[in-house]
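Below is one structure, written out as structure tokens, with a few remarks after it.
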Amino acid sequence: MTDAAPAPFRNEKALKRLKKRRAADMRFKFYGMSAIAFALAALSLLIISILSQAMSAATYHIVRYDVVLDPAVIAPPGKDKPADVARNIDGFYDLLRDNLLQTFPDVQGNRLETRQLGDLLTRLAVLPVAKSVAANPTQIGQEMTIKVPLNDDLDLYLKGAVSPEARLKLGAVEQGIETTPGRVTLSGANAFKGLQSLIAAQRAEVGDAVDARSILVTAGKSTGRVVSMSADALEMDLLTGSASDFNAARPLARVIALPESQRNVSDDQIAWTLALKDMGRISRVPHFSLLTHTDSTYPELAGALAAIVGSLLTMLVTAFIAIPVGIFASVYLEEFAPRNRLTEIIEVNINNLAAVPSIVFGLLGAAVFLGFFGLPRSAPLVGGLVLALLTLPTIIIASRAALKSVPPSIRAAALGVGASKMQSVFHHVLPVAGPGIFTGAILGMARALGETAPLLLIGMVAFVADVPTGPTDESTALPVLVYSWATHAERAWEPMTAAVIVILLMFLITMNGIVVFLRRRFERRW
Amino acid sequence: METTITESRETLTAGTSMDETRGLTYPRIECKNINVSYGDKQAIFDISLPIPDRSVTALIGPSGCGKSTFLRCLNRMNDTIESCKVTGEIIMDGENINDPDIDPVLLRSRVGMVFQKPNPFPKSIFDNIAYGPRIHGLAETREDLDEMVEKSLRRAGLWEEVKDRLSSPGNSLSGGQQQRLCIARAIAVRPEVILMDEPCSALDPVATARIEELIDELRKRYCIVIVTHSMQQAARVSQRTAFFHLGELVEMGETDQIFTNPRERRTEDYITGRFG
Ligand SMILES: Nc1ncnc2c1ncn2[C@@H]1O[C@H](COP(=O)(O)OP(=O)(O)O)[C@@H](O)[C@H]1O
Ligand SMILES: [Mg+2]
């Protein structure tokens with residue numbers, strides 16, 4: 001009974017300690033959560049920026065032409081065989097350009113404007129039309145509706161990517177009178193007051209630089225560029241259409257922030273495009289040609305098909321080499337090899353190999369496969385071989401980890417019932433390690449899919465106009481396409497590049513999805 | 001019944017024929033001057049031990065004294081440990097199974113093993129049992145195989161409990177059932193000898209009692225060698241007991257004699273709990 005009474009649970013010291021411990025727990029939780037929040041924010045920023053860029057490449061504008069397939073233009077005597085028609089790009093181009101010239105007759109005689117109008121249409125864009133007409137020659141001489149992509153710069157203009165632009169609906173115009181040829185005066189009580197104050201506000205912002213801005217006024221198919229204005233009257237150069245279109249209209253004014261001299265699209269081209277749009281000849285459609293066309297120097301014609309097929313062929317070669325070799329190497333090292341100096345050295349070197357920069361593998365591939373074995377340049381076969389070397393260490397390391405995680409009791413059990421070493425490995429160890437091995441293999445393949453540097457060194461960066469049909473054809477790959485499109489100067493390539501990145505990411509997500517599925521489906525719990 | 005197990009078998013070494021039919025030969029296995037070392041470290045010193053047929057021989061002794069090592073000599077499982085070197089003769093059916101000419105795979109089909117921790121294959125109950133017969137080609141038809149699986153499970157006292165769920169995974173059974181499944185798996189390849197390395201050490205007392213009953217049943221057909229750290233168990237299930245200490249065989253004899261009237265001082269100290 002002399003024992004000291006046990007200390008109560010809630011004494012002051014204990015409470016203090018408890019508080020401190022809780023505070024430490026909370027702090028740690030906070031650090032962890034901030035780290036995750038940071039990682040998530042960085043990831044979503046990346047994905048949002050790529051997706052928002054790629055979105056604009058998901059659709060594009062095409063122009064409709066209703067033309068008669070005049071044999072004199074597209075199949076002149078002596079050049080009227082289907083093969084000739086298929087190659088007659090100039091003829092088809094002339095046919096469509098003449099259609100534009102007829103649509104905008106006031107251009108005729110002005111060489112600069114004629115050329116600019118012709119630029120609405122890319123010469124090579126008629127190639128698919130030429131091919132389809134050549135394949136079906138009864139169409140020659142008939143009327144036909146042809147749809148061809150709009151020039152990439154005007155496409156970007158319509159998507160609002162060329163320049164910031166302020167738009168304003170003007171007041172009611174009483175009439176438009178052509179005072180001298182090409183010069184139109186619009187009049188209407190207080191019709192231009194709003195535009196005046198808009199310009200005043202912009203002047204306060206950028207000073208006299210506002211005078212370099214184009215102010216386009218559009219009513220229906222007609223557009224003019226403002227020369228001067230007051231609250232009740234406005235003088236402008238008519239770019240296309242006629243003065244009468246403005247009678248009793250409420251025109252739309254566009255103040256384009258980027259001066260005409262700094263744009264790739266002229267005011268005239270914008271005016272024609274707006275007119276074509278008003279005629280209902282321009283429509284915005286899904287950009288499927290991104291998946292069905294091969295590379296081109298013109299962004300509106302370019303597609304990633306050759307690169308997608310090239311990547312698939314390359315991955316096929318990589319998979320056929322890296323996966324079996326990797327699995328056999330790891331099974332041998334893990335299950336059969338004696339533990340001695342030699343295997344230790346091999347093991348260390350495999351780990352080192354996994355850390356070698358990929359460009360070194362590219363150099364090695366160029367020297368050995370191209371230089372020594374004389375395999376074709378730019379071929380998926382060589383790309384696949386190089387990437388197989390690159391992924392081999394990854395696959396071996398992952399497979400060995402998977403084999404190591406198989407409990408040794410399974411091996412003992414198999415040997416105990418009289419299975420041979422081989423049987424114990426193939427009947428029991430490999431099935432258990434399988435999901436882990438395939439996870440490693442697919443992750444290795446995913447890494448290979450994103451590799452650019454080694455492929456550049458073996459020449460897979462070449463411009464490829466045809467879809468490769470086999471592993472020895474000239475080819476490129478998705479990440480290389482991203483690289484080469486990203487180095488183009490023209491603005492239109494930016495969203496195209498983002499779109500290819502999205503395609504590449506889809507491939508990667510699919511592969512990682514397979515990994516997750518395999519894990520869920522086949523992983524055994526112990 | 002007996003003849004199904006003793007039907008003609010391959011001999012261990014190709015070429016020599018075995019005319020001796022399986023009878024109450026005594027001893028079934030004769031170990032002579034066994035030495036085992038792991039690298040430089042010797043684990044077993046010059047052990048000679050006869051093992052009788054159709055009875056249970058228990059190996060007892062403090063941990064690390066080499067019981068498991070000795071047991072693994074009997075089906076050459078030590079071959080799978082790289083640093084392990086075994087010398088001496090182990091005569092079984094007139095042949096030295098320690099001879100390099102002997103195929104350990106064939107040997108292991110005649111000397112089955114049950115491990116300390118139940119280790120069923122991550123496959124169905126049926127496949128666990130059927131695996132051995134399949135790789136040894138013991139079943140010609142599916143019906144043969146079904147029958148073999150049933151017979152093995154019956155002998156292991158597991159049939160009634162699992163007959164309706166043969167396709168469910170082996171590791172879905174309880175620990176005791178898993179261990180009986182492992183015994184059934186060993187029986188399925190028609191061994192003559194069954195080695196058990198502390199088969200009950202991971203089991204609760206009820207499951208242990210069932211296994212002990214089973215061992216008592218199996219001894220009518222097989223030569224059984226069991227390692228145990230429980231002296232009560234050795235006393236309950238075995239007819240002969242060998243006491244190991246520090247890699248040496250201290251004493252062997254009838255179980256009754258070892259537990260009631262040991263000849264050696266060390267044996268007495270151990271079984272009365274003074275060390276170990
Ligand atoms: N795989 C092995 N490698 C090296 N030494 C081992 C190995 N297995 C057992 N030993 C050693 O051999 C001795 C006997 O071990 P073991 O046969 O497992 O004893 P027991 O089963 O009686 O507890 C021990 O000293 C142990 O350290
Ligand atoms: Mg042991």
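Chain A is the first sequence line, chain B the second, and so forth, proteins listed ahead of strands; every chain is numbered from 1.
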If you count every heavy atom of other residues, nucleotides or ligands that lies below 6.0 Å from B/Lys85 atom NZ, does the total exceed 12? no
Heavy atoms of other groups near A/Phe438 CZ, more than 12 under 6.0 Å: no
Apply ring-ring contact (aromatic ring centres under 6.0 Å, His included) to the pair B/Phe121 and A/His427, showing each step before the final yes or no. CA-CA 10 Å; B/Phe121 296 130; A/His427 295 165; 9.5 Å; no
Is it the case that more than 12 heavy atoms not belonging to B/Glu147 sit under 6.0 Å from its CD atom? no
Filter on salt bridge (Lys or Arg N to Asp or Glu O under 4.0 Å), then keep only pairs touching residues 413-429 of chain A, sequence neighbours left out; what's left? none
Closest approach of B/Asn119 to A/Ser409 (non-hydrogen atoms, all atoms of both residues): ND2-O, 2.9 Å
Would you indicate whether the side-chain heavy atoms of B/Arg108 and A/Leu415 approach each other to under 4.5 Å? yes
Less than 4.5 Å apart, side chain to side chain, heavy atoms only: is that true for A/Ile410 and B/Pro122? yes
Could you tell me which of A/Ala414, A/Gly418, A/Pro338 has the largest number of non-hydrogen atom pairs under 4.5 Å with chain B? A/Gly418
Using a heavy-atom distance cut-off of less than 4.5 Å, which residues of residues 68-77 of chain B contact chain A? B/Met77
Return the minimal non-hydrogen interatomic distance between A/Ala413 and B/Arg185, and the atom names on each side. CB-NH2, 3.4 Å
Residue-level interface, residues 134-141 of chain B with chain A, non-hydrogen cut-off under 4.5 Å: B/Ile135, B/His136
If a pair satisfies salt bridge (Lys or Arg N to Asp or Glu O under 4.0 Å) and one of its residues is in residues 308-319 of chain A, list it, with sequence neighbours excluded. none
Identify which part of A/Arg411 has an atom lying under 4.5 Å from any heavy atom of chain B, answering side chain, backbone, both or neither. neither
Is chain A contacted by the side chain of B/Val111, its backbone, both, or neither, given a heavy-atom distance below 4.5 Å? backbone
Do other residues, nucleotides or ligands put more than 12 heavy atoms under 6.0 Å from A/Phe28 CZ? no
